[in-house]
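Chain letters run A, B, ... following the sequence lines, proteins first and then strands; every chain starts at 1. No hydrogens, no waters, no symmetry mates; every other heavy atom, side chains included, goes into these values.
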There are 2 protein chains.
Amino acid sequence: MTRLSAELRRDRLIQAALTVIAREGVHGATTRAIVAEAGMSLASFHYVFPSRDRLIHDVIARVLRDQQQVSFESLETAGSPREAVRLGLDAYFELLSREPERELAMFELMHYAMRNPDFGRLPRVQHASYRATARELLEAGAAQVGFAWSRPVDEVARLLVVMVDGMTVAWLADRDDAAASLVMDFIADSLAAMTVPAMQTLSSTAVAR
Amino acid sequence: MTRLSAELRRDRLIQAALTVIAREGVHGATTRAIVAEAGMSLASFHYVFPSRDRLIHDVIARVLRDQQQVSFESLETAGSPREAVRLGLDAYFELLSREPERELAMFELMHYAMRNPDFGRLPRVQHASYRATARELLEAGAAQVGFAWSRPVDEVARLLVVMVDGMTVAWLADRDDAAASLVMDFIADSLAAMTVPAMQTLSSTAVAR
DNA sequence: GTCTATAACCGGATAGAC
DNA sequence: GTCTATCCGGTTATAGAC
């Protein structure tokens with residue numbers, strides 16, 4: 001029909017794939033389902049992607065790129081480290097509750113990548129990207145509220161990702177909001193215990209043990 | 001060939017399925033691959049299972065049943081709550097390191113069940129089973145080493161499962177043993193902070209806040 | 001570049017002989 | 001009860017017209 005550039009077509013297919021994967025799972029994201037979602041023909045798919053696996057690969061890469069745009073808004077009203085962490089967790093949980101399939105899809109994509117040797121180090125990169133995002137948030141929170149982390153921030157970021165991932169897995173399985181709230185309280189308490197009041201003249205890294 | 005009872009045949013197929021799922025993932029566990037692993041014909045499969053999905057369902061149920069047999073041995077030498085938790089975590093990590101695909105398979109099975117409405121509450125049950133096992137270990141550890149949990153043990157169990165799941169996801173993605181060790185130290189410290197010295201005359205539940 | 005049509009294959013499930 | 005042979009729907013990928 002209308003002539004589209006290969007780049008635009010790739011973008012649309014990746015976006016459509018993400019939608020279908022969230023709705024039907026990686027298994028249900030067949031090339032047919034994806035092109036139907038994108039409103040194009042099956043042949044057009046193979047004009048821009050050599051294979052379905054290559055598309056899945058690029059979907060993961062896209063997710064990693066886009067996820068960097070996290071919101072720092074929720075931190076602005078926090079009065080204490082604990083509150084800053086708790087507000088950030090609330091914002092995440094709100095996202096998780098609104099689109100559970102989206103988060104489930106992230107796990108499915110990671111596991112799919114782990115099973116396919118062609119995906120190489122992508123699972124590793126995906127997890128590193130999560131930690132990098134967590135680190136940014138932790139540093140932004142510290143700057144915003146005025147405190148420093150008493151451990152290397154990379155360590156704190158890893159612990160945060162571990163706990164948030166675990167909480168997500170649990171909530172996806174049992175959909176227990178109250179239990180998730182309990183876990184978030186625990187996370188907030190744990191991270192708050194890793195902070196020290198800010199020193200004006202020293203950078204936060206210099207304060208770390 | 002040799003005549004087998006339906007029950008025995010079911011057992012063998014479930015066992016074979018578990019092997020194939022660990023090796024190839026849920027996606028790769030086709031009926032053909034499973035019967036090849038079990039050394040029987042495709043028709044035999046459908047003689048005892050109405051469908052592949054029903055087999056997957058039963059595989060999950062089997063896993064839940066068998067997992068109860070956890071080892072309490074590692075706790076015996078512990079001298080403190082923190083050490084007890086750390087030893088338990090070491091034992092788990094040893095298992096994870098030895099058969100990573102097995103743990104990956106557990107996640108895949110849970111996610112597969114989440115995507116299929118026919119599986120009903122099975123994901124919920126699966127997670128509840130993990131927590132129940134964690135609870136048993138926590139109670140055994142307290143009894144063995146001689147301390148009590150200062151929070152409801154169900155809460156502690158949930159936090160433990162959340163952290164262990166998160167650690168597992170992270171390690172499967174990046175295979176970073178040192179980072180996992182750091183996380184296990186954190187878990188041990190966190191749980192140790194939730195203990196109080198045992199009172200001889202009161203049960204541990206009576207001591208909980 | 002984009003489409004329709006089809007090749008080539010694979011998977012779950014079944015028929016029917018033994 | 002157990003097997004071989006087959007059906008049938010669905011999947012990726014490609015051929016070839018426009």
Taking [atom1] from [X] and [atom2] from [N], how many angstroms apart are they, rounded to a whole number?
{"X": "B:Arg12", "N": "D:dT2", "atom1": "CZ", "atom2": "C1'", "value": "14 Å"}
{"X": "B:Leu13", "N": "D:dT2", "atom1": "CG", "atom2": "P", "value": "11 Å"}
{"X": "B:Phe45", "N": "D:dT4", "atom1": "CZ", "atom2": "C1'", "value": "18 Å"}
{"X": "B:His27", "N": "C:dC10", "atom1": "NE2", "atom2": "P", "value": "12 Å"}
{"X": "B:Leu42", "N": "D:dG1", "atom1": "CG", "atom2": "C1'", "value": "15 Å"}
{"X": "B:Met40", "N": "C:dA13", "atom1": "CE", "atom2": "P", "value": "17 Å"}
{"X": "B:Asp53", "N": "C:dA13", "atom1": "CG", "atom2": "C1'", "value": "13 Å"}
{"X": "B:Asp118", "N": "C:dG12", "atom1": "CG", "atom2": "P", "value": "16 Å"}

Among the candidates [options], find the nucleotide nearest to the side-chain atoms of [X].
{"X": "A:His46", "options": "D:dT2, C:dA15, D:dT14", "value": "D:dT14"}
{"X": "B:Ala43", "options": "D:dA13, C:dG1, C:dA15", "value": "C:dA15"}
{"X": "A:Arg52", "options": "D:dG1, D:dA13, C:dT2", "value": "D:dA13"}
{"X": "B:Ser41", "options": "D:dT4, C:dT2, C:dA13", "value": "D:dT4"}

TODO: Answer yes or no: is there a donor N or O on one side and an acceptor on the other, between the side chain of A:Thr195 and the main chain of A:Leu191, under 3.5 Å?
DONE: no
Any chance the side chains of [X] and [Y] put a donor and an acceptor closer than 3.5 Å?
{"X": "B:Gln126", "Y": "B:Tyr130", "answer": "yes"}
{"X": "B:Arg86", "Y": "B:Ser181", "answer": "yes"}
{"X": "A:Arg115", "Y": "A:His111", "answer": "no"}

Open item on the list: I want to check one thing: is the phosphate of D:dC3, taken as OP1 and OP2, less than 4.0 Å away from some side-chain N or O of B:Ser44?
Closed with: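 Yes.
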Open item on the list: Side-chain N or O of B:Arg32 versus OP1/OP2 of C:dA13: is the shortest distance under 4.0 Å?
Closed with: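 Negative; the distance criterion is not met.
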